[in-house]
Engineer: 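Just dropping this structure here.
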Amino acid sequence: MKFNNSLSAFEEAYKVIPGGVDSPVRAFKSVGGTPPFIAKGEGGYVFDIDGNRYIDFVQSWGPLIFGHADKDIENAVIEAVKNGLSFGAPTLNETALAKEVVELFEGIDKIRFVSSGTEAVMSAIRLARGYTKKDDFIKFTGCYHGHSDSLLVQAGSGMATFGSPSSPGVPADLTKHTLLAQYNNLESVKKCFEQSNGNIASIIIEPIAGNMGLVPADEAFLIGLRELCDEHGALLIFDEVMSGFRASLKGSGGIVDVKPDIITFGKVIGGGMPVGAFCASKKIMSQLSPEGPIYQAGTLSGNPIAMSAGLASLAKLKANPTIYDELERKAKKLIDGFLSSAKEFDIPMVGEVRGSMFGFFFSNIEVKNFEDALQNDTKRFALFHTKMLSRGVYLACSSFEAGFISTTTTDEMIDEAIAMAKLSLEEIALNR
Ligand SMILES: *Cc1c(COP(=O)(O)O)cnc(C)c1O
């Protein structure tokens, strides 16, 4: 496989864009090598500018549940484009998409659209703080909620501690209200409540974490969070930017029976266009401007082109509710295939599946939190990733990312990926 065109494209990009990319993970830093520049996508495949074809398990990091260039979404977008790109005024599709979403979730009455997951979560945190009139919130190590200041936080010295900024440029003053707890560990959350002294506005969690590899929360843990929030007058925020309409039509809601106060969406809700959203009960959402005093706005929010893609996507998902069983069957088949080859060559590996999301670690421990995830062999993952790429299988370029199946991912593609994984794992085993 040749990468010449991508190599020179990356050099050119590097001159004018930091790291040659507009979002860091795309630079392939944790796996090495040059990222293929993508020329086009077609269903379950992407093609790079050297003409190489890959089976795509990234799917734009989640949004493309119907694969690349889906005709229904494409046509909806083309029709919308003909009427103009943006008005900054209300349009019918915003209401239509809002209805499609809120009717899926009990206790959720109103939704507001924004342009990214980052914006959705940032706004949800502000809403929770404004509503409860408290400042602190709890997040979990290993969960990612976008790049807004108060969420770019890493653990300080101990567990259940106030976080310190994880990036230069974020003043410690802006993260001092962010408390960090351990995923799937209720005791660590209780400690945060003790430490904060009645000032916790909310707990934010990825109920199916996809940003430390795929690490689902235990149902009992989520129930515990719900109880702690109720006990302390805090709001529970489920960040379903990745898992929403991905793990099931109702995200985590189709898998566990725990109701959050606020849900955030992104990725699939935009069908490939930049859309984020946050939603809650009428009572909570009525605090949002212009109904209430909590300010939030966006020039391109609810953009008509983005709404048309989201609406086409959601309508199609709702019309075909059984696709999730099919997607999960394929995801399981893929992971089972990986695991059985790993076993054959005596390479430690564990894997998880939730609907169309999958994840695997080069590790022999069950992964329940970020600390467990860090035990996995990232060097081996990098090797595996490079070998798979050169065999035409495009996997997320970090062992801390989830993978995705689309409706256009065929059984033949899964079989092919399993066969390529077998060859790659065998080579890894021979050379260890
Ligand atoms: C991707 C993601 C975000 C951020 O969304 P962007 O659209 O990249 O800003 C937030 N939360 C979760 C859980 C995500 O997976």
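Order of listing sets the numbers, starting from 1, for every ligand and every atom in it.
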Engineer: What do we get for Asn211 next to ligand 1 when only non-hydrogen atoms under 4.0 Å count, side chain, backbone, both or neither?
Structural biologist: side chain

Engineer: Hey, can you tell me if Phe381 and Phe360 have their rings parallel, tilted or perpendicular (30° and 60° cut-offs)?
Structural biologist: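 Phe381 and Phe360: tilted rings.
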
Engineer: Would you mind listing which atoms of ligand 1 come within a distance below 4.0 Å of any non-hydrogen atom of Gly117?
Structural biologist: 4 (C), 5 (O), 6 (P), 7 (O), 9 (O)

Engineer: Considering only heavy atoms, does His145 approach ligand 1 within less than 4.0 Å through its side chain, its backbone, both, or neither?
Structural biologist: backbone

Engineer: If you count the atoms of ligand 1 from 1 in the order shown, which ones are under 4.0 Å from a heavy atom of Asp239?
Structural biologist: 10 (C), 11 (N), 12 (C), 13 (C)

Engineer: Any donor-acceptor pair under 3.5 Å linking the side-chain atoms of Ser406 with those of Thr409?
Structural biologist: yes

Engineer: Taking the six-membered ring for Trp, are the ring centroids of Tyr45 and Tyr394 within less than 6.0 Å of each other?
Structural biologist: no

Engineer: Can a non-hydrogen atom of Lys267 be found less than 4.0 Å from any atom of ligand 1?
Structural biologist: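 The answer is yes, since Lys267 has a heavy atom less than 4.0 Å from ligand 1.
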
Engineer: Could you tell me the residue and atom name of the protein heavy atom closest to atom 8 (O) of ligand 1, and the distance to it rounded to 0.1 Å?
Structural biologist: Thr118 OG1, 4.5 Å

Engineer: With a 4.0 Å cut-off, would you call Lys283 and Asp261 a salt bridge?
Structural biologist: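 Answer for the salt bridge query: no.
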
Engineer: Classify the ring geometry of Phe140 against Tyr183: parallel below 30°, tilted from 30° to 60°, perpendicular beyond 60°.
Structural biologist: perpendicular

Engineer: Would you say ligand 1 has an N or O under 3.5 Å from any N or O of Val241?
Structural biologist: no

Engineer: Is there a polar contact between ligand 1 and Tyr144, counting only N or O atoms under 3.5 Å apart?
Structural biologist: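 Yes: some nitrogen or oxygen of Tyr144 is under 3.5 Å from one in ligand 1.
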
Engineer: Should you measure from each heavy atom of Ser116, which atoms of ligand 1 turn up under 4.0 Å away?
Structural biologist: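 Listed by number with element, the hits are 7 (O), 9 (O).
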
Engineer: Could you check whether Arg112 and Gln296, counting side-chain N and O atoms only, form a donor-acceptor pair closer than 3.5 Å?
Structural biologist: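 Note: Gln296 and Arg112 side chains meet the donor-acceptor criterion.
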
Engineer: So if I count the atoms of ligand 1 from 1 in the order they appear, which ones are less than 4.0 Å from some heavy atom of Glu206?
Structural biologist: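 Here the atoms of ligand 1 in question are 13 (C).
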
Engineer: Are the side chains of Lys259 and Phe105 in touch, meaning some heavy atoms are under 4.5 Å apart?
Structural biologist: no

